[in-house]
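Each chain gets a letter, A, B and so on, in the order the sequences are listed, and its residues count up from 1. Note that the structure is a prediction, hence the values are computed from the model and not measured.
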Number of protein chains: 2
Amino acid sequence: MSSSRTKDKNPIPSVWAREQRRTDQPALSRDAIVREAIAMLDAEGIEALSMRKLGARLNAGATSLYRHVATKDELMELAVDEVAAEIHVPPADSPDWRAAVTEAAESFRTTALRHPWLTLVLGQAGLAYLGPNYMDFSERLAALFTAAGFAEPSRAIETVFSYVMGMSNAEAAWLTTVARSGETEADFIARLMPAAQRAAADHSHLAIPHSEVEEATTDPVALRDMKFAYGLEVVLDGLALRLPK
Amino acid sequence: MSSSRTKDKNPIPSVWAREQRRTDQPALSRDAIVREAIAMLDAEGIEALSMRKLGARLNAGATSLYRHVATKDELMELAVDEVAAEIHVPPADSPDWRAAVTEAAESFRTTALRHPWLTLVLGQAGLAYLGPNYMDFSERLAALFTAAGFAEPSRAIETVFSYVMGMSNAEAAWLTTVARSGETEADFIARLMPAAQRAAADHSHLAIPHSEVEEATTDPVALRDMKFAYGLEVVLDGLALRLPK
DNA sequence: CCGCTCTGCGTACAGTGTTCGCATCGAAGG
DNA sequence: CCTTCGATGCGAACACTGTACGCAGAGCGG
């Protein structure tokens, strides 16, 4: 690729031989770093991101990044908050609260699957220090659930989004292993099916119904969508019982 | 500390100076390695576990471990499966299915909080290759839900345990950051409360009710227990609606 | 023109997972 | 009893990682 600004090993160091600062290449900045980090995380996975590789992608040295970001962990927190902006929560005055919550839940799932490292970082960070976008997200959810009439909106939110996070986390992990295999999801499933059947043979209650096998190998995406929707409906039904009527 | 078998730097290497193999110290074995790894993970957290430190704990060199374990990832999978044996699932013929499922869910949560790295590894591994204990756990759950009368037990299980995993994951992350602070959970909360209040000032719907502040600073464990139980009841209510009566 | 702050980066350090080849062992076979 | 052999432990080494430090230059206010 193109060389960094001054890395050419010129035998005679000279002012004249020095490269000009390439201003067309945008300057190193916190935002640019975070954006590129997200791109790398999405493309190559969480354990492929290193400060050196990230620096190289930005035509910069690894240690230059530390002028804009205190530590790699901080960079991850910034990436999480940046991505949190993608989650869409309908306004609080939506006529149908169930539809609105469903929309928010599906939006969360979509972003979590688009950035499969999201739930991992959220699990590690401990959510002690939350960024502005994440706070906005929480605030909108609180408004939505309050408007829906819940006496203790935080309880309801925790319930729904524990389910959503648990499901998204499992799906993201699954999609990551599928991606690592280099196969289509359907092919991957088809290849693993014999082993799964053999394993299930010793555990009578784990038999997989034929209909599910069929759908898993033809349209696995639709199957996952449906599973997620099913569980979400269950949770919302349980919550609806607690709504004062 | 005590020296490893042959590490004494004897200037004159001699057969006679060689230490005897200490047979009272149990030999290096796969099980011993996994056990010690779990102890380390529990005590010092997931990022504190390195092959070298683990070897040192076992009075062995780091590379000796590779005779019994192919890779660090495999070691983690073994640790996960070992820990999965601690989860208790009531027998399928339990009279009250809700009580039985509640017991299983609470048992999962307890082990996930006893080993706060569990959910992290589960999220990374992708659950492609499951160990025997984890299979047993799944099998028992399937039996329980089938006996309860669910037409599609796997759907119901996925719903409940997505919630349980999401909640446990968040709690484990929280407890990890609390532990890192070196304070009591109550002290930690009390110290962070002003900042939280200030942050909530800009987000009107995020206000924390006084009763909750009070309980969080006096008995945070009970508060977490109750939150978990609340969400679980919600999910079970939603599932009960789908049970043929 | 001086000085000062800001930014980039080369070097270096401590630590990581893992490979390789050598030393040593207990047991099996002649 | 001596020899051979497979299993086991391990020191050295390799390719990485995150990050601290100090120097070099750029741009700017005085």
D/dA7 phosphate, OP1 or OP2, under 4.0 Å from B/H68 side-chain N/O: no
Below 4.0 Å: OP1/OP2 of C/dT7 and any side-chain N or O of A/S64: no
Could you tell me the separation between the [atom1] atom of [X] and the [atom2] atom of [N], rounded to a whole number of Å?
X     : N      : atom1 : atom2 : answer
B/L65 : C/dT19 : CG    : P     : 13 Å
A/I33 : C/dG8  : CD1   : P     : 8 Å
A/L28 : C/dC9  : CG    : P     : 7 Å
B/E47 : C/dG15 : CD    : C1'   : 14 Å

Quick one: what's the B/S/- string for nucleotides 16-22 of chain D, heavy-atom cutoff under 4.0 Å, read 5' to 3'? -BBBB-B
Taking all non-hydrogen atoms of both residues, which atom of B/M135 and which atom of A/L206 are closest, and how far apart? CE-CD1, 3.8 Å
Results of side chain to side chain contact (heavy atoms under 4.5 Å, CB included) for B/A216 - residues two or more places apart only: B/I189, B/L223
Output all residues satisfying ring-ring contact (aromatic ring centres under 6.0 Å, His included) with A/Y66, sequence neighbours left out; order by chain, then residue number. none
Non-neighbouring partners of A/H115 that pass ring-ring contact (aromatic ring centres under 6.0 Å, His included), sequence neighbours left out: A/W117
Please enumerate all residues that pass side chain to side chain donor-acceptor pair (under 3.5 Å) together with B/T71, with sequence neighbours excluded. none
Sequence-distant partners of B/D31, salt bridge (charged side-chain N to carboxylate O under 4.0 Å, His left out), two or more places apart: none
